[in-house]
Chemist: 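Submitted below is the structure of interest, expressed as structure tokens.
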2 protein chains.
Amino acid sequence: MGVHNQPHAGLASRATLADVAKLAGVSGSTASLAFSGGSISSATRERVLTAARELNYSGPDPRARSLRQGRSGIVGVIIEDRVLNSFRDPMTLAALDGISQELGEGSGLLLLTATGDGESTIQSAVFDAAIFMGCSPHLARSIEIMRQRNVPMVAIEGQAFDGVLAVNIDNRHASAELAALVHTLGHRRLATVTLPLTSVRERAQLTDELVKTATTAVSLDRLLGARQVFANLGGIVAAGSSSDEGFAAGMELLSRPAEERPTAILAQSDLLAVGVIRAAEALALVVPRDVTVVGFDGARIEGFTDHDLTTVRQPATEKGRAAGSAVTALLAGETPGDVSLSSVLHVGSTSGPPAG
Amino acid sequence: MGVHNQPHAGLASRATLADVAKLAGVSGSTASLAFSGGSISSATRERVLTAARELNYSGPDPRARSLRQGRSGIVGVIIEDRVLNSFRDPMTLAALDGISQELGEGSGLLLLTATGDGESTIQSAVFDAAIFMGCSPHLARSIEIMRQRNVPMVAIEGQAFDGVLAVNIDNRHASAELAALVHTLGHRRLATVTLPLTSVRERAQLTDELVKTATTAVSLDRLLGARQVFANLGGIVAAGSSSDEGFAAGMELLSRPAEERPTAILAQSDLLAVGVIRAAEALALVVPRDVTVVGFDGARIEGFTDHDLTTVRQPATEKGRAAGSAVTALLAGETPGDVSLSSVLHVGSTSGPPAG
DNA sequence: CTGTTAGCGCTTTCAG
DNA sequence: CTGAAAGCGCTAACAG
């Protein structure tokens, strides 16, 4: 004549595994096994599951489980700009997709935005490993903390950091290759449109001071690659990777008399390049007759079908997959090395010899 | 006389708050306060922090904290397609950005992909509240579980579910409005290109059977809205929201003799509409003279500048923000109601009276 | 196959 | 302002 554990009319408190165990007449550990798929007789399991159903218990609390196991199954993905800006860039999105593919449905991706102000979230968030999508010096403190916590870290195209596994592409080399192509075609008066060099999102003239303060590895590498061929290459720093930015920069660079105008423009992303091409066309210039425009990325851009952009195709999804598999390996206690992926030059129809 | 758990010479195991407390010569609770910003004398706090530094202790373990507090600060965002497909759609990305804006840097967004196979992750992941971005019937089980767990849920443009707060836009109404506009212009032979009706990503003829099995609320609502005006409206179900899909569908619909060809096409998204327009142009048809094309969304589409698309502008970011603030309210124990946002008709240059 | 026993690392009453 | 005690809910040894 046991007092049946009348659960307060199901009001506030949820049932716990212990309650279920008691109702099923088994021990806690047995009940636990029933849920984690351990080896118990199917009769017992049935009994436990029935009890659970009765109590409206729907499985172990993830919080408790993660404390106990020391694992949450969550991988943090840290971006340094707001979500919209980050993922509007097709390469970044592709990389995220690659991560997700590799990690599988088994683990969730915790999107953490570190715009630099409060580094709090990243310190107090629950995750087992972190992937930085481009990481700049001002993450140093967070990185330090995660290192202390023994959280494996991987950076996709970020600044090199001790203890952070690097997944990179050959930005500098590929950029140099592209520049060499343009040089070979005969161009000598060039300009570039770079991606932002710092976290400041503001269009600006490309100056040496700016270059010195650069914190964005990708932009800097691409610039340095191009400068291997064109030593003092100048131009404009865009406020982001969009065709609008490219357009603005293009207008600025191309609205000059033919003798001063660059005969070729190296844009650091395809979106920028598309914008530059539109600017050229708006100025009644013909590409590539009047101006050669090359990009970087190999993005399939919606609605850009008139031209076949000369560019470098980078393995974007692959970057994500590599990062994902590095994380998996690190969590398994292995010690994988840095990853370096390579891009492929694609000569399209937007490049040609200079006029005249 | 308990056996003291000797932590293997500080090798693997991290220091805990208890260790710090001991070294600082204070109690655990005091040490805790030092980190959570509770009220303790600054002398004591200093002592604790120094001890922490000495032990390489970088703050409370998020897992333990979240168990103790019953809160993790994580909001789950559930999408039903792979990351790439979901966020390539500008509206979905904008909504995600809205969520992130509203929730602030304080809380992380846990991206959970529920493609229907293993519903495991969503059940075992740590989060305090969930936001579904479009949710279909096959999430029923997960929803059931979360309800049992008392996890607040919000669905952006999903199927209605008991206990899931709905954030919707006036899909049906707006679609009807658009259809009415086309009707007023004099069109009588129409076709539509819909978004996928189910999780199957495959282009298909729009049939009644398909409509009956539809699980995607958005697509269905937009279709029903249009059918309020054009009762038996037929057409094609696209495999996704992209201009490529629109192009394929457009080719299919428009490659017919003028007498059979629809004089107007209602596309369920702007990307689809752009594709349809390209198809029309590829077939040497002039928009809107030979065919009227309208979209839905109000997306700014890269590189689509020749036309001003007739469409309906939906408050995409706003959807996300509303969901975010609903989550905040729910977590605070309030009981906010469903949210319904409205779209605005935009008459551009891609619609006009039928030829002849 | 099942039960007993200890905590995971932290916060939070409750006293002093 | 500080300390002592009591778990949050679960799982992992280890016995039986």
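Letters go in sequence order (proteins before strands), and every chain restarts at 1. If you're wondering where the values come from, they're calculated on a predicted model, not measured in any experiment.
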Chemist: Can you tell me whether the side chain of Ser29(A) and the base of dT5(C) have a donor-acceptor pair closer than 3.5 Å?
Modeler: no
Chemist: Nearest-Å distance, CG (Leu17(A)) to P (dC8(D))?
Modeler: 13 Å
Chemist: Report the residue (Arg68(A) or Gly25(B)) whose heavy-atom-nearest nucleotide on DNA chain D is the more 5′ of the two.
Modeler: Gly25(B)
Chemist: Is there a side-chain contact between Glu80(B) and Leu139(B), using heavy atoms and a 4.5 Å cut-off?
Modeler: yes
Chemist: Across the strands shown, which category fits Ile40(B) at heavy-atom distances under 4.0 angstrom: base, sugar-phosphate, nothing?
Modeler: sugar-phosphate
Chemist: In whole Å, I'd like the distance from the CG atom of Leu67(A) to the C1' atom of dT11(C).
Modeler: 12 Å
Chemist: Could you give the distance from CD (Glu54(B)) to CG (Asp19(B)), rounded to the nearest 0.5 Å?
Modeler: 12.5 Å
Chemist: For a quick test of reading the model: is some side-chain N or O of Thr16(A) closer than 4.0 Å to OP1 or OP2 of dG9(D)?
Modeler: no
Chemist: Can you measure Lys22(B) atom NZ to dG3(D) atom C1' for me and round it to whole angstrom units?
Modeler: 15 Å
Chemist: List the atom of Phe161(A), the atom of Cys135(A), and the distance in Å for their closest heavy-atom pair.
Modeler: CD1-SG, 3.9 Å
Chemist: Does the side chain of Thr30(A) get closer than 4.0 angstrom to OP1 or OP2 of dT2(C) through an N or O atom?
Modeler: no
Chemist: With heavy atoms under 4.0 Å as the rule, sort Thr44(A) into base, sugar-phosphate or nothing.
Modeler: sugar-phosphate
Chemist: Please report the distance, rounded to the nearest Å, between CD in Glu46(A) and C1' in dC1(C).
Modeler: 17 Å
Chemist: When rounded to the nearest 0.5 angstrom, what is the spacing between CZ in Phe35(B) and OG in Ser58(B)?
Modeler: 8.0 Å
Chemist: Can you tell me if the side-chain N/O atoms of Ser32(A) get under 4.0 Å from OP1 or OP2 in dC10(D)?
Modeler: no
Chemist: Rounded to whole Å, please give me the gap between CG in Leu33(A) and C1' in dT2(C).
Modeler: 9 Å
Chemist: Rounded to whole angstroms, how far apart are CZ on Arg47(A) and P on dG3(C)?
Modeler: 8 Å
Chemist: Measure CZ/Phe35(B) against C1'/dG9(C) and give the value in whole Å, please.
Modeler: 13 Å
Chemist: Heavy-atom contacts under 4.0 Å between residues 54-66 of chain B and DNA chain C, which residues?
Modeler: Tyr57(B), Pro60(B), Asp61(B), Ala64(B), Arg65(B)
Chemist: Using the side-chain contact (heavy atoms from CB on, under 4.5 Å) rule, take Ile131(A) and Ile78(A) through it: C-alpha gap first, then chi angles, then the decisive distance, then the call.
Modeler: CA-CA 6 Å; Ile131(A) 297 178; Ile78(A) 291 124; over 6 Å; no
Chemist: Considering non-hydrogen atoms only, spot the tightest contact between Ala31(A) and Val26(A) and give its length.
Modeler: N-CG2, 4.2 Å
Chemist: At less than 4.0 Å, is any side-chain N or O atom of Gln69(A) found next to OP1 or OP2 of dA12(D)? Yes or no.
Modeler: yes
Chemist: Determine whether Leu109(A) and Leu96(A) make a side-chain contact, defined as any pair of heavy atoms from C-beta on separated by less than 4.5 Å.
Modeler: yes
